[in-house]
Number of protein chains: 2
Amino acid sequence: MNVRTLCLGILTYGDASGYEIKKAFQERLSLVFDAGFGSIYPALNKLTEDGFVSCRAEAQSKRPDKKVYSITTEGQLKFLDDLQQQPAEDKFRSEALTTLLFAHLLQPRNVSELIDEIITNYEQNIDVLSKGCDIKRSHSEKFLCGFGVTVRKAAITYMQDNRHLVEAESLLSQNAAE
Amino acid sequence: MNVRTLCLGILTYGDASGYEIKKAFQERLSLVFDAGFGSIYPALNKLTEDGFVSCRAEAQSKRPDKKVYSITTEGQLKFLDDLQQQPAEDKFRSEALTTLLFAHLLQPRNVSELIDEIITNYEQNIDVLSKGCDIKRSHSEKFLCGFGVTVRKAAITYMQDNRHLVEAESLLSQNAAE
DNA sequence: ATTCTTTATATCGAACTGATATATATCGGT
DNA sequence: ACCGATATATATCAGTTCGATATAAAGAAT
């Protein structure tokens, strides 16, 4: 599964321009698979070359012209096939949590502030997500939205309950340095 | 923060070869920032060029020769500086959950099986993590291990409680197609 | 007047991924 | 004896993606 697959997936909902596909990634897929223009446009070009999508140009008033992409039958088949492949393992990357691994090298005050920031950031994400969950159009989108809220809530609770472990490590190593 | 930063971070614990650095990524950082040989070796080469690490060759018996990298003072300063930069937003990617967004295109049986697999996979991850949390050497490592277990447990509970939303969507669209 | 936002297409250099290659050694299974 | 798996080692490759940037036009806000 890659950006090409998901461009096909988005086009199963209907024809769209590259810009609209990016917006669909942002609105519907960003919690689980985000992509930027730098990968979307090359993907669309490759899909077009390979016959999985077709493309027509459309002029607009007061707007730049746009290229509208449609999925072909071949593209539909490829998408369904890709969809049934064994999914890869989830991937997660967090610079903030990585920083906490080196708490012993930071000032205790900085460690506490970082933990506060992480929690605040998760809270803000929950806020934004919660506002959007109810207006999601499909059940599976609501499902994923709820998923995003749930894991962030669990993360916050865990961090509040266990922050002392990391804070103590920073304090201890500062004392040891003195 | 990138692989170069974290190679420096790992070297603050002590000298290491490229292979050992990869193992440190796997054992200590994989929950929050994983990296493979394809990025570690170029990172080490760049760090060496830039004077942030130095490198000496060591012969071994019954083992291939190894190149041992040490962090320089300059490298220490760079790592600490990088560590205090504003961390980027967390990134999460899940092909399995992405697939659920297209549940309406899958057979209901396949949707249910996929959900079961996702849950099983999280349970296995929890198993592996739980076995390792107690033998982690630092509090911050234990903290992150516990974090990984907690969010996966929350994810499992959420999925069990809400799977019917996604399963219903698949059923409904199959009925509509008939 | 300038900056920001939106709608549009597109590209670039840097970073990373996953696979692969090479080398040596050991172990277990056929 | 051979093969595959595993471990210790270094290294590279093609493909993919990221984040920034560029261009264009229009409207809104400062």
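Chain A is the first sequence line, chain B the second, and so forth, proteins listed ahead of strands; every chain is numbered from 1.
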Residues touching DNA chain D, which here means a heavy atom under 4.0 Å, drawn from residues 37-48 of chain B: Phe37(B), Gly38(B), Tyr41(B)

Atom pair distance, as rounded to whole Å: CD in Gln60(B) and P in dT26(C): 14 Å

Separation of dG19(D) P from Gln26(A) CD (nearest whole Å): 12 Å

Stepwise side chain to side chain donor-acceptor pair (under 3.5 Å) test for Thr48(A) and Asn45(A): CA-CA 5 Å; Thr48(A) 307; Asn45(A) 288 337; 5.4 Å; no

OP1 or OP2 of dA15(C) under 4.0 Å from side-chain N/O of Arg4(B): yes

Parallel, tilted or perpendicular, as decided by the 30° and 60° cut-offs, for the rings of Phe143(B) and Tyr158(A): tilted

Selected nucleotide, minimal atom distance to Tyr69(B) side chain, candidates dA11(D), dT17(D), dT9(C): dA11(D)

Under 4.0 angstrom between Lys91(B) side-chain N/O and dG19(D) OP1 or OP2: yes

Interatomic distance where CG belongs to Asp82(B) and P belongs to dA15(C) [whole Å]: 12 Å

Arg93(B) side chain near dC16(C) phosphate (N/O to OP1/OP2, under 4.0 Å): no

Heavy-atom pair of closest approach, residues Arg163(A) and Ile119(A): NH1-CD1, 4.2 Å

Side-chain N,O (Lys23(B)) to OP1/OP2 (dT8(D)) below 4.0 Å: yes

Ion pair Glu58(A)/Arg56(A), N-O distance below 4.0 Å: yes

Any Tyr19(A) side-chain N or O less than 4.0 Å from OP1/OP2 of dT7(C): yes

Lys153(A) NZ to Glu123(A) CD distance, which is reported to the nearest 0.5 Å: 11.0 Å

Whole angstrom value for the distance that separates P of dA11(D) from NZ of Lys66(B): 14 Å

Sugar-phosphate, base or nothing in reach of Lys22(B), heavy atoms under 4.0 Å: nothing

Value in whole Å for how far the P atom of dT17(C) lies from CE of Met1(A): 19 Å

Between P of dC16(C) and CZ of Phe92(A), the distance in whole Å: 17 Å

Disulfide bond (SG atoms under 2.5 Å apart) partners of Cys55(B), counting only residues at least two apart: none

Length of the line joining Asp50(A):CG and dG15(D):P, which is rounded to integer Å: 13 Å

Aromatic plane relationship, Phe102(B) with Phe79(A) - under 30° parallel, 30 to 60° tilted, over 60° perpendicular: perpendicular

Length of the CZ-C1' vector between Phe25(B) and dT17(C), whole Å: 14 Å

